[in-house]
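Here the structure comes first, spelled out in structure tokens, and everything after it is commentary.
Within every chain, numbering begins at 1; the chains are lettered A, B, ... in the order of the sequence lines, protein sequences first and strands thereafter.
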Amino acid sequence: MNLKHELESRISAALTAAGAPAGSPALVAPAAKVEFGDYQANGVMAAAKKLKTKPRDLAEKVIANLDLSDLAETVEIAGPGFINITFKSDWLSQQLATAAEDERLAIAKAAPPQRVVIDYSSPNLAKEMHVGHLRSTIIGDALARTLEFLGHDVQRQNHVGDWGTQFGMLCAYLDELTEVRESKDAERVTVAKLPDLEEFYRKAKERFDTDEAFANKSRDFVVRLQSGDDAVLHTRFQFLAISLSHCQEVYDRLGATLTPDDVCGESFYNDDLPKVVADLDAKGLLKESEGAQCVFLDAFKNKDDDIQPFIVQKSDGGYLYATTDLAAIRHRIGTLGGDRLIYVVGSEQNFHFQQLFAVARAAEFAPKNVSLEYVPFGMMLGKGRKRFRTREGGTIKLMDLLDEAVKRAGELVAEKNPSLPETERDDIARAVGIGAVKYADLSQNRTSDYVFSWDKMLSLEGNTAPYMQYAYARVRSIFRKGRLSDDVTGRIALTEPAERVLAVRLLQLSETLDAVAADCLPNILCSYLFDLAGAFMSFYETCPVLKADEPTRTSRLMLSDLTARTIRRGLALLGIETVERM
RNA sequence: ACGCCCGUAGCUCAGCUGGAUAGAGCAGCGGUCUUCUAAACCGCAGGUCGCAGGUUCGAGUCCUGCCGGGCGUGCCA
């Protein structure tokens with residue numbers, strides 16, 4: 001049951017029946033204060049404004065046309081024209097019973113399902129994954145899981161950087177080292193013998209930035225790559241193999257759902273790039289400027305009437321990520337059948353995506369019924385709110401970060417619960433440590449910058465994954481203590497205030513997931529889970545479960561079980577594990 | 001210079017298409033373990049929502065201007 005949706009549709013209908021324009025939204029939201037009941041509808045005031053009538057008069061008419069007697073205890077007009085609704089406890093109990101019987105907690109599957117193509121993680125394979133890749137991977141994975149649970153057909157796309165200048169640079173640098181070694185009659189340098197890809201990249205980049213001759217050699221290697229030089233391609237392939245296996249290790253450690261099957265890198269589109277440019281030309285969108293092939297759209301005109309070009313082919317004939325991204329759009333729509341394309345990419349790429357989408361529309365690569373969504377996130381910042389930059393060193397490798405998180409969590413578990421067997425403690429440490437890292441990121445609105453902090457990330461107090469995991473473990477503890485199986489059956493009766501608060505929270509999962517899916521904002525789910533955990537904690541403090549008399553005992557056991565399942569499900573959608581004890 | 005984003009409690013942040021007296025978490029202060037895990041719970045304190053105008057029954061939310069910060073802006077991705 002989706003409480004909000006149910007009220008929204010009924011009240012909107014009543015609004016129309018009362019004379020408001022068709023489609024007037026009821027603007028239903030959870031009540032701002034407990035005194036107002038459970039939910040409130042704010043749409044009457046806006047509709048009254050259009051009708052030029054008094055809001056309270058309209059509210060009277062709406063209520064006259066509204067029959068909520070099956071679910072509402074009271075429906076009241078308050079203030080300037082709010083409609084406040086309080087649910088019947090019996091009705092809430094029924095809804096909970098329905099949810100309890102269902103593996104999916106009575107969350108309906110989307111009808112019809114959409115084919116959602118979601119681009120996330122997408123690291124540059126020329127170097128190791130570092131904390132800068134964390135946000136895209138974590139946020140994208142949570143969105144993929146959530147959309148999938150809602151019944152959509154999700155296609156993950158790991159658009160890895162496996163082509164272009166950076167690989168020319170790496171191959172050129174390796175070639176240079178090889179030449180030097182060979183002249184000294186030393187052992188041949190191969191990719192497989194590189195101890196540290198990150199370090200290798202750093203040195204190559206340094207050469208590239210400081211030595212013009214080397215930069216030119218790198219560009220020459222890019223040309224050789226593009227013209228299909230076997231030797232260079234082979235070297236590149238070796239780099240890729242190492243880098244991809246490293247990425248997969250990180251995904252496995254992180255508990256991301258990405259697999260090698262989801263990898264569809266830049267090079268995949270190589271053959272299509274000339275066609276993209278030719279098709280843009282055929283549409284009359286292509287224009288040469290300073291030797292480069294560009295698309296100029298009026299939408300990107302500045303005040304001086306200059307248009308910011310979207311460059312799709314360089315003056316030397318090479319292609320750019322703009323070209324690749326256009327090819328990817330066509331592939332994702334044409335071949336993968338996407339109805340909705342989502343890009344989880346840092347907000348600094350805002351302008352690029354504005355241009356990309358505009359050009360894709362103009363060239364009719366993306367029909368109107370396909371939604372193109374840029375899901376930006378704020379930067380990863382270090383101490384002093386300064387930006388992380390790979391080239392400047394000091395970057396924390398993702399794997400090291402995860403290991404550190406698990407280690408710290410392990411120490412904490414050992415301290416808080418020394419009696420746990422070591423193997424179980426390791427499992428808990430992993431779930432808590434990785435969960436803490438993910439939750440710290442997901443719980444914040446993705447659009448704001450993210451200040452990386454060991455302390456905050458690993459502090460296991462307050463609004464954190466461990467708080468939720470602890471709430472879950474507490475519920476499970478009740479069942480363990482009572483030597484009960486999970487499938488308790490009976491009636492749920494909501495008598496105590498804490499029970500009622502918990503009940504309404506439990507029933508809000510559906511509308512929460514809809515909101516997450518609509519706006520690609522996982523923090524809404526975090527916020528919900530935190531409220532739910534809080535509601536359970538209050539219930540737990542004031543309502544004894546095992547010691548209660550029947551039928552209250554059974555009722556509370558059912559509430560507890562439903563809470564545990566809701567938390568477990570919610571955390572799973574965020575990619576966070578639960579543990580039975582901690 | 002232009003474009004986009006941001007500015008909310010001491011700190012880190014929520015605030016859903018404009019809604020009722022702006023909310024959490026840390027940190028601070030004060031209470032709660034012979035009773036289902038105190039990684040918890042309950043309470044107190046803490047605000048000119050950057051500044052100034054405007055739109056209206058109503059603005060943290062929308063519009064304009066300013067101040068402050070970040071990112072981006074033709075051949076890297």
Side-chain angles (χ1 to χ4, degrees), chain A residues 4 25 27 29-33 35-36 40 42-43 45-46 48-49 54-55 78-82 84 122 124 126 161 163-166 169 266 289-294 300 302-304 306-316 318 320-322 324-325 346-352 354 376 378-379 381 385 387 412-413 415-417 432 443-445 447-449 451 453 456 459-464 466-467 469-471 473-482 511-512 515 518-519 521 523-524 526-527 530-531 534 537-538 540-548 556 560 581-582:
Chain A
K4 183 175 170 171
L27 299 178
K33 294 200 177 299
E35 309 93 86
F36 302 153
Q40 61 183 68
N42 305 328
M45 278 90 75
K49 191 187 240 173
K54 289 182 185 171
F82 296 101
N84 291 339
S122 305
N124 178 356
W163 197 252
T165 314
Q166 63 223 350
M169 187 181 83
E266 293 168 344
S289 172
E290 296 174 32
Q293 298 299 324
C294 311
F300 299 102
N302 66 20
K303 281 180 180 168
D304 301 331
D306 290 329
I307 300 178
Q308 203 61 235
F310 190 65
I311 304 175
V312 293
Q313 189 170 22
K314 296 191 282 187
S315 49
D316 69 0
L320 300 103
Y321 77 139
T324 309
D325 282 348
S347 59
E348 64 270 23
Q349 306 239 19
N350 183 298
F351 188 62
H352 169 67
Q354 274 188 47
M379 277 184 307
L381 302 174
R385 301 192 72 91
R387 186 183 180 180
L412 216 55
V413 173
E415 176 197 321
K416 297 283 185 185
N417 204 342
V432 171
S443 60
Q444 205 162 110
N445 186 316
T447 54
S448 49
D449 286 344
V451 179
S453 148
K456 185 177 179 185
S459 158
L460 307 181
E461 287 172 2
N463 186 7
T464 61
Y467 176 85
Q469 290 168 319
Y470 179 67
R474 265 185 147 182
V475 192
R476 299 301 302 150
S477 169
I478 294 173
F479 285 81
R480 202 163 43 244
K481 208 77 166 187
E511 63 198 56
T512 300
D519 299 328
L521 289 173
N523 67 304
I524 294 175
C526 291
S527 174
F530 183 64
D531 288 342
M537 291 292 193
S538 298
Y540 184 90
E541 297 290 332
T542 56
C543 302
V545 178
L546 292 174
K547 291 182 184 64
R556 288 181 180 169
S560 300
R581 292 195 289 183
M582 62 187 284

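- Taking only side-chain nitrogens and oxygens, A:T464 never comes nearer than 4.0 Å to OP1 or OP2 of B:rA39.
- Here A:Y467 reaches the OP1 or OP2 of B:rC41: one of its side-chain N or O atoms lies under 4.0 Å away.
- For A:Q349 and B:rC4, the CD to P distance is 18 Å, given to the nearest whole Å.
- A:L412 has its CG atom 11 Å from the P atom of B:rA40, to the nearest Å.
- Note: CD (A:E415) to C1' (B:rU37) measures 15 Å, nearest angstrom.
- For the pair A:S538 and A:G164, both in contact range of RNA chain B, the more 5′-proximal nearest nucleotide belongs to A:S538.
- A:D325 comes within 4.0 angstrom of nothing in the nucleic acid, heavy atoms only.
- When each of B:rC75, B:rC4, B:rA14 is scored by its nearest atom to the side-chain atoms of A:N523, the top-ranked nucleotide is B:rA14.
- When the C1' atom of B:rA38 is taken as reference, atom CE of A:M537 falls 10 Å away, rounded to whole Å.
- The ring of A:F310 has its center no closer than 6.0 angstrom to the ring center of A:F300.
- A:A48 comes within 4.0 angstrom of nothing in the nucleic acid, heavy atoms only.
- Using a 4.5 Å heavy-atom threshold, the side chains of A:V312 and A:L320 count as separate.
- When heavy atoms are screened at a 4.0 angstrom cut-off, A:D449 is found touching the sugar-phosphate backbone but no base atom.
- Among the atoms of the strands shown, none is found under 4.0 Å from any heavy atom of A:A518.
- For B:rA40, the base is not stacked against the aromatic ring of A:Y470, per a cut-off of 5.5 Å between centres and 30° between planes.
- A sub-4.0 Å separation between OP1 or OP2 of B:rC26 and a side-chain N or O of A:N463 is absent.
- In terms of phosphate contacts, A:S448 brings a side-chain nitrogen or oxygen within less than 4.0 Å of OP1 or OP2 of B:rA14.
- Note: CZ (A:F530) to P (B:rG23) measures 16 Å, nearest angstrom.
- Looking at heavy-atom distances under 4.0 Å, A:A471 makes no contact with the nucleic acid at all.
- A:K49 comes within 4.0 angstrom of a base, heavy atoms only.
- Among the heavy atoms of the strands lying under 4.0 Å from A:L546 is at least one base atom, whether or not backbone atoms are also near.
- Atom CG in A:D531 sits 11.0 Å away from atom SG in A:C526 (nearest 0.5 Å).
- RNA chain B contains the following stems of three or more consecutive Watson-Crick or G-U pairs, with both distances under 3.5 Å: B:1-5 with B:69-73, B:10-13 with B:23-26, B:28-32 with B:40-44, B:50-54 with B:62-66.
- Atom P of nucleotide B:rC76 and atom CD of A:Q166 are separated by 12 Å, given to the nearest angstrom.
- In this structure, the CG atom of A:N350 is 18 Å from the P atom of B:rG70, given to the nearest Å.
- Between A:K33 and B:rG23 there is a side-chain N or O to OP1 or OP2 distance below 4.0 Å.
- Base engagement by A:C543 is indicated by at least one non-hydrogen atom pair under 4.0 Å involving a base atom.
- Applying the 4.0 Å criterion to OP1 and OP2 of B:rC76, one finds that A:K314 has a side-chain N or O inside that range.
- Looking at A:Q349 and A:Y321, their side chains come closer than 4.5 Å, going by heavy atoms from C-beta outward.
- Across all strands, A:P544 comes closer than 4.0 Å to base atoms (heavy-atom distances).
- Put simply, A:K481 has a side-chain N or O that comes within less than 4.0 Å of OP1 or OP2 on B:rU37.
- With RNA chain B read from its 5' end, the first of the two nearest nucleotides for A:L521 and A:D316 is the one closest to A:L521.
- Residue A:Q293 is out of contact with every strand shown, counting any heavy-atom pair closer than 4.0 Å.
- Side-chain nitrogen and oxygen atoms of A:Q444 include at least one within less than 4.0 Å of the OP1 or OP2 phosphate oxygen of B:rC13.
- Rounded to whole angstrom, the span from the CG atom of A:D531 across to the P atom of B:rG15 amounts to 12 Å.
- Across all strands shown, A:I524 has no heavy atoms under 4.0 Å from either base or sugar-phosphate atoms.
- A donor atom on one side chain and an acceptor atom on the other are not found under 3.5 Å apart for A:D306 and A:Q308.
- Within the 6.0 Å centre-distance limit, the rings of A:F530 and A:Y467 are counted as a close aromatic pair.
- Both geometric conditions, a ring-centre gap below 5.5 Å and a plane tilt below 30°, are fulfilled for A:F36 over the base of B:rA20.
- Base engagement by A:S315 is indicated by at least one non-hydrogen atom pair under 4.0 Å involving a base atom.
- As judged by a 4.0 angstrom heavy-atom cut-off over every strand, A:A515 is placed among residues making no nucleic acid contact.
- Because its glycosidic torsion is more than 90° from 0, B:rC57 is reported here as anti.
- Closest to the side chain of A:F82, out of B:rA20, B:rG72, B:rC75, is B:rA20.
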